[in-house]
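Take a look at the structure set out below.
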Amino acid sequence: MKQEGKLTLRVTEWLPFDAPLNRLEEMRKEGGATDPWLKTGALKGVTDGSGGSLSAAMLEPFANAPDNRGILLYDPEQLKKMVVDRDAAGFQIALHAIGDRANRVALDAFETALKINKRRNARHKIEHAQFVHRDDFARFKELGVIASMQPCHLLADMRWAPIILGPEREYEGYAIGTMRQAGARLAFGTDYPVEHINPLRGLYAAVTREFEDGGPEGGWLPEEKVSIEEAIRAYTLGSAFAEFEERRKGTLSPGKFADLIVLSQDITNVSPPELLRTDVLLTMVGGKIVYQKEQAD
């Protein structure tokens, strides 16, 4: 599609973290890392399961399953070695981590790599960071690890997250506000195709922490809300930074790509429910219009 001039979005292909290092280096060379339309990017690894399936790796058992601490998919020492080796080869690493134990093990691996390789600005990421122990929030900033979170998961997960966490650990649930206050860099996404691709749902979730039809009143763990401006920044400049593209993407500035959308209303000046009723009127990529909503007669 790129060769035929039909590619209308920018694609960054992630590579499998588990692949042998020499093969990863070959794949990076074959794919390239500089083309603004089609390139290779981070290595993706999965350290645990999910919360809804009670397979997220937890430090303590789930509140509703006292014999279950979830599943950790790597031996921690094995993960450290793999991260150190791939970090030394110059790769950016993105580790899926849902449970508080998985997040801690991932942070430990990144900390070991930093101590051994002394590589700054690696911009390693933890994907999801859904349940994080209070002792680990500050480590994201200290280690330069990006919290790549998807607020839209709240719209379904609020139904069961308080139940599996229990009152003593409920604070861990999608703690976006605490993560921001701890100084972590936030990069928001949609987690498509697990969730709907529309990021406006994620903006709504981040600023309300309520279901799409409203409630709980005031939002679940309302102290974890962020402002609409902060949420937009995490979806735009935050995500651009997370792929080393902040000089070319993420803001409307002279010299950047001119990747932008036009919305049906000013989302910084509407009530939160209106975010869910906002339409995209036009999409531009690289200064070229690639989508335009048909206007009703």
Side-chain angles (χ1 to χ4, degrees), residues 1-47 73-74 78-97 106-107 109-110 112-114 116-129 143-150 185-195 197 199 234-251 255-259 283 285-288 290:
M1 290 180 69
K2 177 178 179 294
Q3 291 172 350
E4 296 174 0
K6 298 178 180 179
L7 194 60
T8 59
L9 55 90
R10 303 186 193 278
V11 178
T12 301
E13 178 190 22
W14 289 9
L15 304 179
F17 175 78
D18 288 347
L21 185 54
N22 61 345
R23 178 58 186 143
L24 289 171
E25 291 173 330
E26 291 172 1
M27 294 170 74
R28 177 171 58 183
K29 184 177 180 180
E30 292 166 359
T34 60
D35 190 304
W37 285 95
L38 187 61
K39 64 181 183 179
T40 57
L43 309 183
K44 174 67 180 294
V46 179
T47 68
L73 299 177
Y74 291 93
Q78 175 201 18
L79 182 65
K80 286 179 183 178
K81 184 180 187 307
M82 294 177 72
V83 168
V84 167
D85 291 347
R86 286 153 179 74
D87 174 78
F91 285 102
Q92 182 189 25
I93 300 166
L95 294 178
H96 160 116
L107 289 167
F110 290 139
T112 300
L114 183 60
I116 292 175
N117 297 330
K118 305 292 195 292
R119 180 178 168 223
R120 297 287 177 179
N121 201 36
R123 304 192 191 182
H124 298 317
K125 301 184 283 184
I126 290 184
E127 294 298 322
H128 312 307
L143 300 173
V145 173
I146 296 167
S148 178
M149 306 178 77
Q150 299 79 32
R185 284 191 176 270
L186 297 176
F188 284 172
T190 64
D191 207 25
Y192 178 81
V194 175
E195 288 282 352
I197 200 169
Y235 266 112
T236 54
L237 187 59
S239 292
F241 180 88
E243 59 169 337
F244 296 89
E245 291 279 25
E246 72 274 12
R247 294 185 179 181
R248 304 199 291 182
K249 295 165 62 174
T251 58
K256 290 194 173 182
F257 280 150
D259 296 348
T283 303
V285 183
K288 178 181 177 181
V290 297

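This one's a predicted model, so the numbers in the text were calculated from it and none came from an experiment.
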Correct closest heavy-atom pair for F257 and P36 would be CZ-CB, 3.6 Å

Do the side chains of R23 and E26 get close enough for a salt bridge, i.e. N-O under 4.0 angstrom?
yes

Say you draw a straight line from NE2 of H124 to CG of D87; how long is it, rounded to the nearest 0.5 Å?
3.5 Å

Side chains of L114 and R120, heavy atoms from C-beta outward: is any pair under 4.5 Å?
yes

Does E243 form a salt bridge (Lys or Arg N to Asp or Glu O under 4.0 Å) with K249? I'd like the steps, not just the answer.
CA-CA 10 Å; E243 59 169 337; K249 295 165 62 174; 2.6 Å; yes

Is any side-chain heavy atom of M149 closer than 4.5 Å to one of F188?
yes

V46 versus F17: any side-chain heavy-atom pair under 4.5 Å?
no

V285 vs T8 side-chain heavy atoms within contact, under 4.5 Å:
no

Pairwise distance CE(M82) to CG(L95) - rounded to 0.5 angstrom
9.5 Å

Return yes if a side-chain donor-acceptor contact under 3.5 Å exists between E195 and T190, otherwise no.
no

At their closest point, which heavy atom of A97 faces which heavy atom of I126, and how far apart are they?
CB-CG2, 3.8 Å

Taking K256 first and then E245, would you say they form a salt bridge - that is, a charged N and a carboxylate O separated by under 4.0 Å?
no

Is the shortest heavy-atom distance from the side chain of K2 to the side chain of D35 under 4.5 Å?
yes

For the student: nearest non-hydrogen atoms of R86 and I93, plus distance
CB-CD1, 4.0 Å

Spacing of CD1 belonging to I116 relative to CG belonging to D85, to within rounding of 0.5 Å
9.0 Å

Where do I146 and A187 come nearest, in terms of heavy atoms and distance?
CG2-CB, 3.9 Å

Can you name the closest pair of heavy atoms from K125 and R123 and give their distance?
CG-O, 3.5 Å

At their closest point, which heavy atom of G90 faces which heavy atom of R119, and how far apart are they?
O-NH2, 3.2 Å

Do Q150 and E127 come close enough that some side-chain heavy atom pair is under 4.5 Å?
yes

I'd like to check F244 versus T12 (side-chain heavy atoms, cut-off strictly below 4.5 Å). Are they in contact?
no

